[in-house]
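Below: one structure, written as structure tokens.
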Amino acid sequence: MTDWYLGLAGFLLLNLGLGLVRVLRGPTPADRMVAAQLFGTTGVAAILLLGQGMQERALVDLALLLSVLAAVTGVAFTRLYRRVQ
Amino acid sequence: MSTLVFLLVGVGLVVMSLHALFVHTHLLRQVLAINVLGTGVFMVFIAWGSQSPTPHADPVAQALVITGIVVAVSATALALALALRIKQTTGRATLSEETEE
Amino acid sequence: MDWVLEASALSLFGPMGLALDLLLAAGLLWLAWRVLYSPDLFLSVVLFISFGLLVSLAYLRLRAPDVAMAEAAIGAALTGTLLLYTLRHMGVPIEPPRLAQHRLLTGLALLMSAGLGWAILTMPGFSDGLVVQVTQHLPQSGVEHPVTAVLLNFRAYDTMLEVAVLLLALVGVWAVSSTELRLPAPSAVLRGMVSVLLPPGLLVGGYLLWVGAYQPGGAFQGGAVLGGLLVLLFLAGWRALAAGWLLRLALGAGLLAFLAVGVLAMAGGSLLEYRLEAAKNLILFIEFFVALSVAATLAMLLLGRPGSAGEQQP
Amino acid sequence: MSLELALILLGMPFFLAGTVGLLRFPDLLSREHAVTKADNLGLGLVVLGLMLGAESVLLAVKLFLIWIAVLVASATVAQLIAHTVIDAGSETGGGS
């Protein structure tokens with residue numbers, strides 16, 4: 001069972017790695033930011049599975065923390081990088 | 001094995017960021033390099049402390065690194081504010097006098 | 001290398017765990033390389049945010065959930081926001097890295113990595129002296145979670161001074177920054193999201209603060225969550241918060257509470273030496289105010305000098 | 001295989017689909033569409049699976065809260081990023 005969850009967490013990590021290709025390619029800052037947002041969702045899922053695989057309940061709290069703060073950098077980007085007319 | 005893997009990652013991070021710190025002159029890049037450098041040191045600490053026989057890694061190492069992370073972010077904020085001020089005052093994003101036009 | 005065997009015997013990770021670790025390690029090193037050397041600074045900053053999340057995952061693998069929480073909240077979210085903000089105001093889109101004396105430095109770096117690697121591989125075995133000490137004295141600390149016991153009791157001096165360092169850094173930022181955060185009017189969607197996220201966010205922050213007494217969590221993790229929420233509030237246009245006296249009071253509250261408790265404890269012993277029966281309450285008291293201070297300070301670090309903005313507005 | 005694991009496994013293709021969409025779709029808005037839709041469904045299935053195996057109500061509530069918070073955050077940020085693009089044409093200022 002443990003291995004299943006660790007394996008699935010690894011699968012999600014690989015997914016994140018693929019998503020990074022889009023961060024690198026861009027071409028605009030907005031493209032990079034959208035790809036980075038992937039880390040919010042997929043990262044939370046990976047942490048949940050890792051927590052299940054490692055029998056570590058505290059990881060749910062970490063996922064909770066991440067989900068609440070998932071919007072911060074994205075919002076900062078859209079607020080700061082919009083042209084102030 | 002996690003210990004060994006991440007100890008070496010920590011070494012890699014420290015070396016890479018030291019190199020970057022010397023090579024780059026742009027202030028923001030230097031701040032980034034210092035942040036990665038700190039992360040490398042923290043990683044070595046935690047990896048070493050993960051050998052603890054307790055359910056979680058060595059609590060003293062964890063406490064030190066938590067303190068370190070908070071101090072790092074405040075130092076980063078101060079460095080960034082300084083960098084911004086330097087840019088506004090001199091028009092340059094570097095500290096060196098002669099490399100720029 | 002006895003200690004390596006010992007460590008692997010301890011861990012419950014089989015080959016799948018090792019594969020995961022190697023994947024993470026490769027990702028970390030590759031991301032760090034791109035963060036440090038990509039020609040586009042904006043790209044570097046975005047990658048740094050992603051790097052923070054991977055670092056947090058690495059701490060999880062190393063069984064350090066407390067550190068993972070601090071890294072995820074502070075290292076990734078707040079540092080990332082600070083970097084985005086500074087980059088925006090410095091306005092340097094693309095700048096090729098300057099490779100002064102490239103060859104020589106690369107040689108030196110390689111030499112150093114060999115030296116550091118050697119030093120680490122030949123380190124004397126892990127000594128659990130401190131761990132044993134902490135475990136033995138845990139019942140006398142007032143809390144059940146060892147990391148919190150170290151932070152708020154055994155090494156409370158360090159933590160108190162750290163809270164002071166945070167405050168000093170903020171004073172420094174105020175002293176040198178002349179810019180203020182200028183933002184366009186927030187959209188209804190953004191304000192809506194913030195008002196939806198705020199109540200559960202406050203709950204999570206308070207929860208992390210509370211459970212720190214007996215499981216991973218605590219003042220810094222809870223405070224960082226609250227700080228992130230404050231940043232969201234500022235970004236969504238609730239700027240008046242920063243000018244108010246409430247936030248200013250919160251800035252100093254942690255240090256004041258720490259000092260007050262520390263000095264009061266001197267009545268029975270020496271500075272910051274709590275009596276056992278009062279320890280838990282005192283620690284929670286300090287943690288509550290430290291969390292408020294951490295939250296307020298982290299958010300204000302981003303905001304720059306609040307006075308200038310407040311004076312112009314009616 | 002337990003229902004718990006089955007649900008989680010069912011969620012995995014959605015993550016892959018989101019990533020593939022992110023890489024293959026031609027423009028920002030359709031990529032956003034791919035990422036937000038697919039990943040949130042994937043996370044939903046993972047959360048649902050873990051909720052089935054949760055040993056306490058508190059844990060189940062936390063898991064559900066995680067899903068809702070991510071849903072709200074990702075939907076809003078996607079909308080906000082889309083707007084920076086629509087408002088400014090293809091250029092958003094700042095980086096390259």
Side-chain angles (χ1 to χ4, degrees), chain B residues 1-9 11-20 22-26 28-29 32-33 35-36 39 43-44 46-48 50-54 56-60 62-63 65-67 69-71 73-78 80-85 87-88 93 99, chain C residues 3-4 7-8 11 18 21 25 28-29 32-33 35-36 41 44 48 55 58-59 61-64 66-67 70-71 74-75 78-79 82 86-87 89-90 92 95 97-99 105 109 112-113 116-117 120 126 128 130-131 134 146-147 150-151 155 158 162 165-166 169 172-173 176-177 220 301:
Chain B
M1 279 318 269
S2 299
T3 305
L4 184 60
V5 171
F6 290 111
L7 272 178
L8 293 179
V9 169
V11 171
L13 294 181
V14 167
V15 171
M16 250 196 276
S17 51
L18 265 181
H19 180 255
F22 291 138
V23 162
H24 293 308
T25 53
H26 193 286
L28 256 175
R29 290 190 178 283
L32 274 173
N35 266 288
V36 176
T39 303
M43 184 86 62
V44 170
I46 294 296
W48 194 253
S50 75
Q51 298 173 76
S52 160
T54 45
H56 289 138
D58 185 343
V60 181
Q62 284 204 66
V65 171
I66 290 173
T67 313
I69 289 174
V70 176
V71 169
V73 73
S74 47
T76 302
L78 185 54
L80 289 175
L82 271 171
L84 196 53
R85 191 60 190 269
K87 166 81 180 175
Q88 283 163 347
T99 47
Chain C
W3 57 267
V4 174
S8 64
S11 60
L18 180 62
D21 286 342
L28 278 168
L29 290 173
W33 174 59
V35 166
L36 295 169
L41 249 175
S44 287
F48 181 79
V55 172
Y59 290 147
R61 290 292 298 155
L62 294 168
R63 300 180 301 143
D66 291 270
V67 182
E71 172 67 30
I74 299 173
L78 290 165
T79 310
L82 273 169
T86 313
L87 180 59
H89 284 264
M90 280 179 99
V92 270
E95 200 229 13
R98 286 172 206 287
L99 301 176
L105 282 171
M112 201 183 122
S113 55
L116 269 180
I120 277 186
F126 179 74
D128 56 3
L130 278 176
V131 180
V134 169
V147 179
V150 173
L151 275 173
R155 305 285 310 162
D158 287 356
E162 181 203 359
V165 166
L166 255 181
V173 169
V176 295
S177 78
F220 292 104
L301 283 175

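All of these numbers come straight from a predicted model, not from anything done at the bench. Chain A is the first sequence line, chain B the second, and so forth, proteins listed ahead of strands; every chain is numbered from 1.
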Subject >> Student check: side-chain heavy atoms of His56(B) and Val147(C) closer than 4.5 Å >> reply: no

**OP:** Just give me the residue among Val36(B), Val65(B), Thr67(B) that pairs up with chain C most often, heavy atom to heavy atom, under 4.5 Å.
**Re:** Thr67(B)

Subject >> Close side-chain approach of Gln62(B) to Val150(C), heavy-atom, < 4.5 Å >> reply: no

Original post:
Considering all heavy atoms of both residues, which atom of Ala64(C) and which atom of Ile46(B) are nearest to each other, and what is their separation?
Top reply: CB-CG2, 3.7 Å

**OP:** Enter the distance from Leu62(C):CG to Asp58(B):CG here, rounded to the nearest 0.5 Å.
**Re:** 12.5 Å

**OP:** Could you give me the CA-CA distance, side-chain angles and deciding distance for Met43(B) and Leu28(C), then say whether side chain to side chain contact (heavy atoms under 4.5 Å, CB included) is met?
**Re:** CA-CA 11 Å; Met43(B) 184 86 62; Leu28(C) 278 168; 4.0 Å; yes

Original post:
Can you find a heavy atom in the side chain of Leu36(C) that is under 4.5 Å from one in the side chain of His19(B)?
Top reply: no

Subject >> Minimal non-hydrogen separation, Val73(B) against Leu301(C), with atom names >> reply: O-CD1, 4.5 Å

Original post:
Which one, Ala75(B), Ala47(B), Gly12(B), leads in non-hydrogen pairs under 4.5 Å with chain C?
Top reply: Ala47(B)

Subject >> Residues forming a side chain to side chain donor-acceptor pair (under 3.5 Å) with Ser44(C), sequence neighbours excluded >> reply: Ser38(C)

Original post:
Where do Leu78(B) and Val173(C) come nearest, in terms of heavy atoms and distance?
Top reply: CD1-N, 3.5 Å

Original post:
Has the side chain of His89(C) got a donor or acceptor atom that lies under 3.5 Å from a matching backbone atom of Gln88(B)?
Top reply: no

**OP:** Compare every heavy atom of Val70(B) with every heavy atom of Phe220(C), then report the nearest pair and how far apart it is.
**Re:** CD2-CG2, 3.8 Å

Subject >> Side chain / backbone / both / neither for Ile69(B) at chain C, heavy atoms under 4.5 Å >> reply: both

